[in-house]
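Letters go in sequence order (proteins before strands), and every chain restarts at 1.
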Amino acid sequence: MSNAQQAAKAAQVRTAITPTREDNFPEWYQSVVKAADMAENSPVRGAMVIKPYGYGLWEQIQRALDDKIKDEGVQNAYFPLLIPLSFISREAEHVDGFAKECAVVTHHRLEKGPEGGLVPSPDAQLEEPLVIRPTSETIIGDSMAKWVQSYRDLPLLLNQWCNVMRWEMRTRLFLRTSEFLWQEGHNAFETAEQAEADARKMLDVYRSLYTDFFAMSPFTGEKTADERFPGAVHTYTIESMMQDGKSLQAATSHNLGQNFAKSCGIKFQGRDGNEHFAHTTSWGLSTRSIGGLIMTHGDDDGLKMPPRIAPIQVMILPITKNDDGAAAVIEYAQKIAAELKAIGIRVSIDLSEQRAPDKMWSAIKKGIPLRVEVGGREVEEGKLTHTRRDLGRDSKTSCTVAEFVGSVKSILDDIHDAMFKASHDFSRSRIVECQTAAQMQEYFETTKELGFAKVPVSLLADDALNTYRKENALTTRCMPFEDEGRMVFIGKAY
RNA sequence: CGGGGCGUAGCGCAGCCUGGUAGCGCAACUGCUUUGGGAGCAGUGGGCCGGGGGUUCAAAUCCUCUCGCCCCGACCA
């Protein structure tokens, strides 16, 4: 085949998403979110509407993570959205970190304005402004101070699922929105060692969530001082490499030492009879994780849902014609759905009036892990046809319903394993170890496949390297645990 | 908040330079034929051309202000 013919053939391959990842990764991302019907922009700048399919994914994430959190002995609770301004001011570094992105509530009543419409009533100004929580360390610390009297009250392990608000300059669906959903855990301990161990343990909970449910293979490590959470002693992070080679901070866990205990007054009478400040941790994972999932697993035909958190694991597509067979096909599909549901599979039937190919592409764009097609012939034979999203049409297989019901779980596991392996192999293939600043610079200037440079931590003292980093938006992502703090990843980030 | 780009039908775009009553593709709706990897024919509906103010007999088009979106930075999960 000539080059011209090859080009012509390539042009004929129609991808469901335009542009492709290679053509324009950021726009590809936006298109996938839209095509999969996950979320859209709202009338409120920087805030998003999460549509049912996107929220369904968040519910699966919540379920998986909530189970893991509770397995660690943490209890769920709920603290207020509004935080007194004075609380936020309590921890000095915390103030510096969050002050510039806080939304503030100053009034409690509206009235008719001079030009019609409603305005905040000047007579209804709050004595103390209230801050919409950017995070809840201070208000939870306030409660903890009341609840902790004795070392016997420790550890105190709390989590809340909620929304928070940070007034961001630049927002992107899921990856950064001014309001987002997350869980924030807040634990208090008697000793520094316990808090340190807890911060590390909760990070490992996130790591396992990503590997076991998201089919992602992120890096774990400690943040350098400049990337640390405001007010933390140590910040640990899940860094995941996206398909464009950029890093996404996918969850964090902080050892807050006694900083917040001191500013919030979390103190207790110890075994020695003396008064001590508690040692606290906080740890969070947000709807941003959904953006990471999309940029890790998506392809040019849309999303690929990891089976264990896919809101719909199996989509049944009845292939009906305009004849009397349609009712039988739908009934057959419903019977299969019931059998799958009985063994714990999240299954849905596409009963829309779309034509078969359109239903198929809709399922592909949404990343449904397994598609099942049933038509008239198969009703007769007691069979079905199934296709894996990750492998595409080549994986199309015909079998009996009984065979499928018996093997569907292992097929979903196979999909998970394949997706995990792809994510793992990709991210590891894009780590380049550099021993000098010159090597690192050479790497970033010549690579066509962006990734992380792994350099000795000692190089962070190199002024030239830091200038280069700053000029090129290269940040320290983490000091991976696997190198025991001797090395640091440097790369671009979301 | 800086630099760049863009706002015209649900989505994607043309028209703007050189003012003259709004167009294309897809989607939607109706009918018939179709239906296992993106169907065909025929017909129909849908737009304060992002918003305000100007210039003009006349503005999607020119001027001005504003709002929003996207990208690259700064800031951050």
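With the nearest nucleotide of RNA chain B identified for both A:Asn472 and A:Trp182, A:Asn472 has the one nearer the 5' end. Nearer to the 5' terminus of RNA chain B, by closest-nucleotide assignment, is the contact made by A:Leu474 (compared with the other of A:Ala250 and A:Leu474).
Note on A:Thr385: a base of the nucleic acid sits closer than 4.0 angstrom, heavy atoms only. Counting non-hydrogen atoms under 4.0 angstrom, A:Lys492 reaches the backbone sugars and phosphates but no base. Residue A:Leu175 is classed as a base contact, given a heavy-atom separation below 4.0 Å to a base. Within the 4.0 angstrom heavy-atom criterion, base atoms lie near A:Ile364. A:Gly392 comes within 4.0 angstrom of a nucleotide base, judged by non-hydrogen atoms across all strands. Counting non-hydrogen atoms under 4.0 angstrom, A:Ala16 reaches a base of the nucleic acid. At a threshold of 4.0 angstrom between heavy atoms, the contacts of A:Gln249 are confined to the sugar-phosphate backbone, with no base atom among them. Looking at heavy-atom distances under 4.0 Å, A:Ser178 makes no contact with the nucleic acid at all.
Across all strands shown, B:rG73 forms a Watson-Crick or G-U wobble pair, both distances under 3.5 Å, with B:rC1. Across every strand in view, B:rA58 sits unpaired, with no contact that passes the Watson-Crick or G-U test at under 3.5 angstrom. B:rC17 makes up no base pair with any nucleotide shown, lacking Watson-Crick or G-U wobble contacts both under 3.5 Å. B:rG38 is unpaired under the Watson-Crick or G-U wobble criterion, no partner having all donor-acceptor distances under 3.5 Å. In this entry B:rU44 has B:rA28 as its Watson-Crick or G-U wobble partner, both defining distances falling under 3.5 Å. Across all strands shown, B:rG68 pairs with B:rC6; the Watson-Crick or G-U wobble distances both stay below 3.5 Å.
We find that CG of A:Asp358 is positioned 8 Å from P of B:rA27, with the value rounded to whole Å. If you take CG of A:Asp350 and P of B:rG36, they are 14 Å apart, rounded to a whole angstrom. Atom P of nucleotide B:rC75 and atom OH of A:Tyr494 are separated by 18 Å, given to the nearest angstrom. A:Glu353 places its CD atom 13 Å from the C1' atom of B:rC29, with the value rounded to the nearest Å. Taking atom CZ of A:Phe25 as the reference point, atom P of B:rC72 lies 11 Å away to the nearest angstrom. Summarising the geometry, the separation between NE2 on A:His386 and P on B:rG37 is reported as 16 Å, rounded to the nearest angstrom. In this structure, the CD atom of A:Glu168 is 16 Å from the P atom of B:rG73, given to the nearest Å. In this structure, A:Glu101 places its CD atom 12 Å from P of B:rC75, rounding to the nearest Å.
Distances were taken from every side-chain heavy atom of A:Glu378 (C-beta onward) to each of B:rG73, B:rG36, B:rG37; the shortest belongs to B:rG36.
Comment: A:Asp204 does not engage A:Lys68 in a salt bridge, judged by the lack of any side-chain N to carboxylate O separation of less than 4.0 angstrom. Between A:Arg477 and A:Glu227 there is a salt bridge, since at least one side-chain N of the basic residue sits less than 4.0 Å from a carboxylate O of the acidic one. Contact check on A:Glu239 versus A:Lys223 returns a salt bridge, with a Lys/Arg side-chain nitrogen under 4.0 Å from an Asp/Glu carboxylate oxygen.
Taking the side chain as every heavy atom from C-beta outward, A:Thr280 and A:Asn187 never approach each other to under 4.5 Å. When side chains are defined from C-beta on, A:Gln441 counts as touching A:Glu445, because their heavy atoms get closer than 4.5 Å.
Applying the 4.0 Å criterion to OP1 and OP2 of B:rG12, one finds that A:Lys34 has a side-chain N or O inside that range.
A ring-centre distance under 6.0 Å is found for A:Tyr236 and A:Phe481.
Annotation: B:rC62 and B:rC17 have their P atoms spaced 5 Å apart (nearest Å). Look at the P atom in both B:rC72 and B:rC63: the space between them is 29 Å, to the nearest Å. Here, B:rA9 and B:rA60 have their C1' atoms 14 Å apart, quoted to the whole Å. One P atom belongs to B:rG10, the other to B:rG47, and the distance between them is 8 Å to the nearest Å. Comparing B:rA42 with B:rG4, their P atoms are spaced 48 Å from each other, to the whole Å. Taking atom C1' in both B:rC6 and B:rG20, one finds a spacing of 27 Å when rounded to whole Å. Going from the P atom of B:rU8 to that of B:rG52 covers 15 Å, rounded to whole Å. As rounded to the nearest Å, B:rU44 and B:rC48 have C1' atoms that lie 24 Å from one another.
Taking the six-membered ring where the residue is Trp, A:Phe452 and A:Phe489 present tilted rings, their angle falling between 30° and 60°.
Pairs engaging residues 46-66 of chain A under the salt bridge (charged side-chain N to carboxylate O under 4.0 Å, His left out) rule: A:Asp37-A:Lys51, A:Glu40-A:Lys51, A:Asp66-A:Lys70 [sequence neighbours left out].
Scored by the side-chain hydrogen bond (donor to acceptor under 3.5 Å, both in side chains) test, A:Asp301 finds no partners at all (sequence neighbours excluded).
Atom CH2 of A:Trp167 sits in a sparse spot, with 12 or fewer heavy atoms from other residues, nucleotides or ligands closer than 6.0 Å.
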Under 3.5 Å, which N/O atoms of the protein pair with N/O atoms of nucleotides 67-71 of chain B?
residue, atom, partner, partner atom, Å
B:rC69, OP2, A:Arg45, NH1, 2.8
B:rC71, OP1, A:Arg172, NH1, 3.1

